[in-house]
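Each remark here refers to the structure printed beneath this line.
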Amino acid sequence: MAGLTTIERPRLGRAAVLAIAGLYFVLPLAASFWFTIHSEAGGFSFATYGNILSAEGFTKSLFTSLGLGVATIVVVLALMLPAMLAVRLGAPKLGQVLEVVCTLPLVVPPITFVAGISTVLRWGPEHLANTPFWQTLIAIQKPNFPIVLVLAYVVLATPYVYRSLDAGLRAIDVRTLVEASRNLGAGWLTVMFRTILPNLRTSIASAAFLTLALVLGEYTIAVLLGFQPFAVWIVTISGANAQLSVAVSLLSLIVTWALLLVVSGVGRKRK
């Protein structure tokens, strides 16, 4: 170490930290992968991965979660983006209030959140049976596509979407772009879709990715409300086929990382 220059020492330190972090993440994944391909009775086999698509409930739960994810992304972006633009352009002093409101779900435990939702759903049949809202209450709880989960996931995703969009809005001069577009005769829809959104593509992609990852991995609210999206299915199948459950979890993690790398790569190219 005595012969190392002052530049080489920090590099070695960073390399050591990265190596330790890599082992911390890679070793559990390697152990999980080994578990999925090896058994004392059958030896080495990749049959578990071949059985994923044919597993009972896999396709249904996956497409349910993907549908919930897409719906959540559309709703949360439709709510957050206009609200953040309105505050930034018309009432900058309310920016801190909006930030507090949007980040509040981070401090509310999911178990408390789902307890409130369950209370409302139990209260509904007693007080809404003779009103038009009764059918609405039934419709949002359909097992094939539980809209009540979309509403819950919109709340959970709000802090992450806010941070992503806020970073994108801080990187551009929104007021100047809007004023220039309006002075050229553009309507508000044109300003939104042809001026603002193209400049926020990376932020919107990041917000969408985080929301989709949250929906695919959320378990507590879904299981306590009695629904079976993808995360609940993985836990359910683990009792009958632990190797299949771990294999699906690994593939989900790899796909999530791949999407993250794609989003990061798009962001670097735009810079």
Side-chain angles (χ1 to χ4, degrees), residues 65-108 110 113 117 136 140 145 147-218 221 255-271:
S65 287
L66 290 176
L68 293 173
V70 172
T72 303
I73 291 169
V74 172
V75 174
V76 74
L77 288 177
L79 291 174
M80 290 300 302
L81 190 54
M84 294 180 69
L85 286 174
V87 169
R88 191 170 292 270
L89 295 174
K93 293 183 179 180
L94 295 178
Q96 292 184 344
V97 176
L98 181 63
E99 181 178 4
V100 171
V101 172
C102 290
T103 55
L104 191 60
L106 292 175
V107 300
V108 179
F113 186 43
I117 297 175
T136 302
I140 65 174
F145 192 81
I147 300 175
V148 65
L149 288 184
V150 174
L151 301 177
Y153 293 158
V154 166
V155 176
L156 295 182
T158 296
Y160 308 103
V161 174
Y162 174 83
R163 289 302 181 192
S164 296
L165 295 181
D166 184 62
L169 290 172
R170 289 178 183 275
I172 61 176
D173 190 345
V174 180
R175 186 177 297 277
T176 299
L177 289 173
V178 172
E179 290 178 353
S181 299
R182 295 289 289 169
N183 289 336
L184 292 173
W188 281 108
L189 287 178
T190 302
V191 172
M192 177 67 75
F193 288 100
R194 301 192 64 179
T195 303
I196 301 299
L197 293 184
N199 287 281
L200 294 176
R201 280 183 293 186
T202 302
S203 297
I204 292 174
S206 299
F209 164 77
L210 291 172
T211 302
L212 183 61
L214 183 148
V215 172
L216 289 177
E218 201 286 319
I221 295 177
V255 170
T256 301
W257 281 357
L259 289 174
L260 179 59
L261 290 175
V262 170
V263 172
S264 301
V266 171
R268 285 195 295 267
K269 287 181 180 179
R270 287 186 58 80
K271 292 178 182 180

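The first residue in the sequence is number 1, and the count goes up from there. Note: hydrogens, waters and symmetry copies are ignored here, and every other heavy atom, side chains too, is used.
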Rounded to the nearest 0.5 Å, what separates atom [atom1] in [X] from atom [atom2] in [Y]?
X: M84; Y: L77; atom1: CE; atom2: CG; value: 11.0 Å
X: L85; Y: R175; atom1: CG; atom2: CZ; value: 11.0 Å
X: L210; Y: I73; atom1: CG; atom2: CD1; value: 9.5 Å
X: T211; Y: Y153; atom1: OG1; atom2: OH; value: 12.5 Å
X: I147; Y: L68; atom1: CD1; atom2: CG; value: 9.5 Å

Is it the case that over 12 heavy atoms from other parts of the model lie below 6.0 angstrom from the CG atom of L189?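 No - once you tally the heavy atoms of other residues, nucleotides and ligands closer than 6.0 Å, there are 12 at most.
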Any side-chain heavy atom of [X] sitting closer than 4.5 Å to one from [Y]?
X: F113; Y: V155; answer: yes
X: L165; Y: V161; answer: yes
X: Y160; Y: V76; answer: no
X: V87; Y: K93; answer: no
X: T195; Y: V178; answer: no
X: Y162; Y: L98; answer: yes
X: P159; Y: C102; answer: no

Is there a side chain to side chain contact (heavy atoms under 4.5 Å, CB included) between V70 and L66? Walk through the geometry before answering. CA-CA 6 Å; V70 172; L66 290 176; 5.5 Å; no
Restricting to non-hydrogen atoms, name the atom on [X] and the atom on [Y] that form the minimum distance, rounded to 0.1 Å.
X: I117; Y: A152; value: CD1-CB, 3.8 Å
X: V215; Y: S65; value: CG1-O, 3.6 Å
X: F145; Y: A71; value: CZ-CB, 3.9 Å
X: L156; Y: L214; value: O-CD1, 3.8 Å

Keeping to residues at least two apart or across chains, list the side-chain hydrogen bond (donor to acceptor under 3.5 Å, both in side chains) pairs with something in residues 71-87.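 Sorted result for residues 71-87: empty, none.
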Tell me the salt bridge (charged side-chain N to carboxylate O under 4.0 Å, His left out) pairs involving residues 203-217, sequence neighbours left out?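 Salt bridge (charged side-chain N to carboxylate O under 4.0 Å, His left out) check on residues 203-217 returns no pairs.
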Qualifying salt bridge (charged side-chain N to carboxylate O under 4.0 Å, His left out) pairs with a residue from residues 205-217, counting only residues at least two apart or across chains: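 Output for this query is empty, none listed.
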Partner set under salt bridge (charged side-chain N to carboxylate O under 4.0 Å, His left out) for E99, not counting sequence neighbours: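 For E99 the salt bridge (charged side-chain N to carboxylate O under 4.0 Å, His left out) partners, ignoring immediate neighbours, are R163.
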Taking [Y]'s backbone N and O only, do any of them form a donor-acceptor pair with [X]'s side chain (distance below 3.5 Å, no angle check)?
X: R194; Y: V191; answer: no
X: R88; Y: P92; answer: no
X: T190; Y: A186; answer: no

Side chain to side chain donor-acceptor pair (under 3.5 Å) partners of R170, counting only residues at least two apart: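 With sequence neighbours excluded, R170 shows a side chain to side chain donor-acceptor pair (under 3.5 Å) to D166, given in chain and number order.
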Partner residues of T158 under the side chain to side chain donor-acceptor pair (under 3.5 Å) criterion, sequence neighbours left out: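 With neighbours one apart ignored, the set is empty.
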Donor-acceptor side-chain pairing of S203 and S164 below 3.5 angstrom: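 Side chains of S203 and S164: no pair found under 3.5 Å.
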